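Since the structure is predicted, the reported quantities are computational estimates derived from the model, not experimental observations. Along the sequence shown, residues carry numbers from 1.
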Amino acid sequence: MTLVQPVAVPTAATRLPHRWLVLAVLCVAQLVVVLDNTVLTVAVPVLTTELGASTADVQWMINAYALVLSGLLLTAGAAADRYGRRRMLLAGLVLFGLGSLVAGLASTSGQLIAARAGMGVGGALLVTSTLAVAMQVFDGPERSRAIGIWAATSALGFAVGPPIGGTILAHLPWGAIFLLNVPIVLACLLVGRALVPESRTPADGRLDIWGAALSTAGLTAVVFSIIAGPERGWASTEVVGAAVVGVLLLGLFVRWERRISHPMLDMHFFRDRRFVGAISGVVLITFGATGALFLLTQHLQFVRGYPAWEAGLRMAPFALSIVVLNVSGVAAAVIRRLGLAAAIAVGMALLAAGLAVVTVVSSDGYGVLLGGLLVMGVGCALANPAIVEAVMSAIPAEKAGAGAGVDGTMTEVGSSLGIAVLGAVLNARFAALLPAGLAGAQSLPAALAAAEGPQRAAVTSAFASALETGQLVGAAAVLAGGLLAAALLRRAG
């Protein structure tokens with residue numbers, strides 16, 4: 001039976017007996033969303049050959065999903081609060097499943113790009129509604145543990161995407177990467193429809209259509225400029241133009257939200273120092289962590305020579321350690337003992353230390369890498385749930401969808417910035433270290449193709465050194481971001 005309530009705050013007497021099964025559905029739904037951000041990387045050569053895709057086509061196949069998803073997160077969160085978190089969860093599953101079906105059957109680059117954009121719409125609804133439903137179903141210590149498991153799902157998706165994609169491509173056509181989502185989504189849809197309770201905030205006033213349009217367009221333009229910057233040049237007309245338009249639209253969004261009586265996103269939240277500290281921490285932490293992990297995958301592939309799927313497999317202990325610590329409840333217990341601010345500081349310090357170990361300690365074996373990954377995993381197991389809980393606890397329960405939208409948006413912005421900025425650090429350092437005759441090469445493959453004899457060793461060495469610089473910058477950003485977020489939260493009380 002579906003229960004509709006204005007604000008679902010469970011107590012010992014009203015907790016759902018099947019709430020952990022509900023969480024399993026939410027985590028599986030979140031997992032497929034994250035997987036589709038990473039699983040496509042190993043399919044690029046196949047797509048280029050079988051669909052005749054150009055470099056620009058491949059970029060849009062990957063970026064269309066991320067752009068649509070990030071642009072719609074705020075709107076999706078507001079829709080979950082207004083129209084029902086369960087309803088938006090089910091709608092997200094339907095849209096994501098249909099998009100996956102179309103993508104798996106696509107026969108042209110244009111069809112695949114359009115399908116990926118459609119999947120982004122479903123993904124935005126799923127990212128926000130899964131977290132919002134978890135906030136309604138769980139309370140107290142159980143809520144901290146549930147958030148930890150939900151957050152761990154994202155790390156698992158990041159790590160296992162390439163090996164899953166590689167395994168599928170080794171035995172099946174490339175379309176199976178997307179078609180695999182369909183039965184998973186159907187299972188989540190059936191179980192979710194039967195078990196997930198409905199909750200929503202009573203709607204007051206008209207739907208904030210202008211707010212939704214301004215936020216979606218503004219965020220899409222900003223994220224596009226961040227993603228396109230490294231490839232097209234930060235000073236290029238389209239990148240600068242997109243950034244300016246995006247900032248102006250977001251400025252208009254803020255002004256509009258402050259004027260209307262029933263805004264999509266209440267700007268009064270930003271007067272709460274705890275909320276500002278939490279979302280600042282999300283951006284800073286994901287900036288350093290995602291960027292540094294992206295460079296680590298480059299190190300495994302281009303320096304150690306592993307294919308993408310094997311590099312992902314070797315990084316699996318990082319994600320698995322996060323999952324084990326959160327599923328077992330160990331991470332939640334430590335976070336309660338330390339408090340949110342201290343847990344974020346300690347977690348990010350461990351993540352930075354693990355990154356530094358992996359970067360600085362030279363070893364051809366797997367032992368040092370494994371040790372560093374496990375230290376990083378412990379750090380993320382503490383910091384990720386703590387920062388999500390800090391964001392969500394700073395927002396009233398009836399605005400859980402809006403909180404999830406803000407958290408998701410800041411995560412996407414921080415992740416995109418981390419990859420773009422640390423990637424730029426890598427490229428600048430690599431260009432500076434290249435032999436004089438190869439100074440114009442824009443990438444490692446281009447430099448190796450132009451190199452002759454002993455120059456090839458110099459090119460590889462230059463790239464390894466540039467990666468080390470980028471990873472250390474990322475580790476420093478992780479540490480600084482974690483300490484700053486902890487300080488802001490501590491000051492806010």
Assess whether salt bridge (charged side-chain N to carboxylate O under 4.0 Å, His left out) is satisfied between Arg19 and Glu142, documenting all intermediate values. CA-CA 10 Å; Arg19 58 192 178 279; Glu142 283 193 348; 2.8 Å; yes

Does the cation-pi check pass for Arg116 over Trp60, that is, NZ or CZ under 6.0 Å from the six-membered ring centre and within 45° of its axis?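 No, cation not above the ring by the 6.0 Å, 45° rule.
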
For atom CZ of Arg255, decide whether the heavy atoms of other residues, nucleotides or ligands shown that lie under 6.0 angstrom number more than 12. no

Take atom CH2 of Trp20 as the centre, draw a 6.0 Å sphere, and report whether it contains more than 12 heavy atoms from other residues, nucleotides or ligands. yes

Do the ring planes of Phe96 and Tyr65 sit parallel (below 30°), tilted (30 to 60°) or perpendicular (above 60°)?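 The rings of Phe96 and Tyr65 stand perpendicular, inter-plane angle above 60°.
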
Can you say whether the rings of Phe275 and Phe270 are parallel (under 30°), tilted (30 to 60°) or perpendicular (over 60°)?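 If you compare the ring of Phe275 with that of Phe270, the planes turn out perpendicular.
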
Verify whether one side chain among [X] and [Y] offers a donor that lies under 3.5 Å from an acceptor in the other.
X: Ser199; Y: Arg85; result: yes
X: Asn326; Y: Trp150; result: no
X: Ser415; Y: Thr286; result: no
X: Gln471; Y: Thr359; result: yes

Look up atom [atom1] in [X] and atom [atom2] in [Y], then write down how far apart they are to the nearest 0.5 Å.
X: Trp256; Y: Leu252; atom1: CH2; atom2: CG; value: 11.0 Å
X: Arg491; Y: Arg274; atom1: CZ; atom2: CZ; value: 15.0 Å
X: Ile285; Y: Ile344; atom1: CD1; atom2: CD1; value: 5.5 Å
X: Ile164; Y: Leu180; atom1: CD1; atom2: CG; value: 7.5 Å
X: Glu257; Y: His268; atom1: CD; atom2: NE2; value: 12.0 Å

Going through the distances and angles, do Leu250 and Leu214 end up as a side-chain contact (heavy atoms from CB on, under 4.5 Å)? CA-CA 7 Å; Leu250 290 177; Leu214 289 170; over 6 Å; no

Partners meeting ring pair (Phe, Tyr, Trp, His ring centres under 6.0 Å) with Phe294 (sequence neighbours left out):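 Applying ring pair (Phe, Tyr, Trp, His ring centres under 6.0 Å) to Phe294 gives none.
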
What closest approach, in Å, do Asn181 and Ser100 show between heavy atoms, and which atom pair accounts for it? ND2-OG, 3.2 Å

Could you work out, with salt bridge (charged side-chain N to carboxylate O under 4.0 Å, His left out) as the rule, every residue matching Arg87, not counting sequence neighbours? none

